[in-house]
Amino acid sequence: MPIDTVERFLAALDPHHREHVQGLPREEQERLAEAWETELRQDTDLDTLSELSPAAAESEAAARVAKKLLGK
């Protein structure tokens, strides 16, 4: 059973940001998860990291989205 984008995004976040995002309405979580997927697709530096460690690339993208959109 595949997990949805929000669940993947939450798994990629550090514990502090994960807790914050989990407290947001589902629509906001979905918006952040979409921004995360966009970050993963568009940043070429993450492509290189993804080849070495997909989990590290997902975590880095999640951290960037959290900092930009949550201001934390």
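Positions are given from 1, in the same order as the sequence printed here.
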Participant: Do you know which two heavy atoms are closest between Gln29 and Val21, and how far apart they sit?
Facilitator: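 Nearest pair, atom of Gln29 first, then Val21: NE2-O, 3.0 Å.
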
Participant: Please name all residues satisfying salt bridge (charged side-chain N to carboxylate O under 4.0 Å, His left out) with Glu30, sequence neighbours left out, ordered by chain then number.
Facilitator: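 Glu30 satisfies salt bridge (charged side-chain N to carboxylate O under 4.0 Å, His left out) with Arg26 only.
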
Participant: Check side-chain contact (heavy atoms from CB on, under 4.5 Å) between Gln22 and all other residues, then give those that pass, not counting sequence neighbours.
Facilitator: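 If we apply the side-chain contact (heavy atoms from CB on, under 4.5 Å) test to Gln22, skipping adjacent residues, the hits are Leu10, Arg18.
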
Participant: Please identify each residue that fulfils side-chain contact (heavy atoms from CB on, under 4.5 Å) with Arg31, with sequence neighbours left out.
Facilitator: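 Listed in chain order: Glu28, Leu69.
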
Participant: Which atoms form the tightest heavy-atom contact between Leu32 and Val65, and what is the distance?
Facilitator: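 Closest approach of Leu32 to Val65, heavy atoms only: O-CG1, 3.8 Å.
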
Participant: Once salt bridge (Lys or Arg N to Asp or Glu O under 4.0 Å) is applied, what residue pairs with a partner in residues 32-44 remain, sequence neighbours excluded?
Facilitator: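 Applying salt bridge (Lys or Arg N to Asp or Glu O under 4.0 Å) to every pair that reaches into residues 32-44, excluding sequence neighbours, yields Arg8-Glu37, Glu39-Arg64, Glu39-Lys68, Asp43-Arg64.
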
Participant: Check Trp36 against Ala12 and note the closest heavy-atom contact, atom names and distance.
Facilitator: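 Looking at all heavy atoms of both residues, the shortest contact is CZ2-CB, 4.0 Å.
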
Participant: Asp14: which residues meet the side-chain contact (heavy atoms from CB on, under 4.5 Å) condition with it, sequence neighbours left out?
Facilitator: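 Listed in chain order: His16, His17.
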
Participant: Could you grab the distance from atom CD of Glu60 to atom CG of Leu40, nearest 0.5 Å is fine?
Facilitator: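 If we round to the nearest 0.5 Å, Glu60:CD and Leu40:CG are 10.0 Å apart.
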
Participant: For Ala33 and Thr5, which heavy atoms make the closest approach, and how far apart are they?
Facilitator: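 The pair with the smallest heavy-atom distance is CB-CG2, 3.6 Å.
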
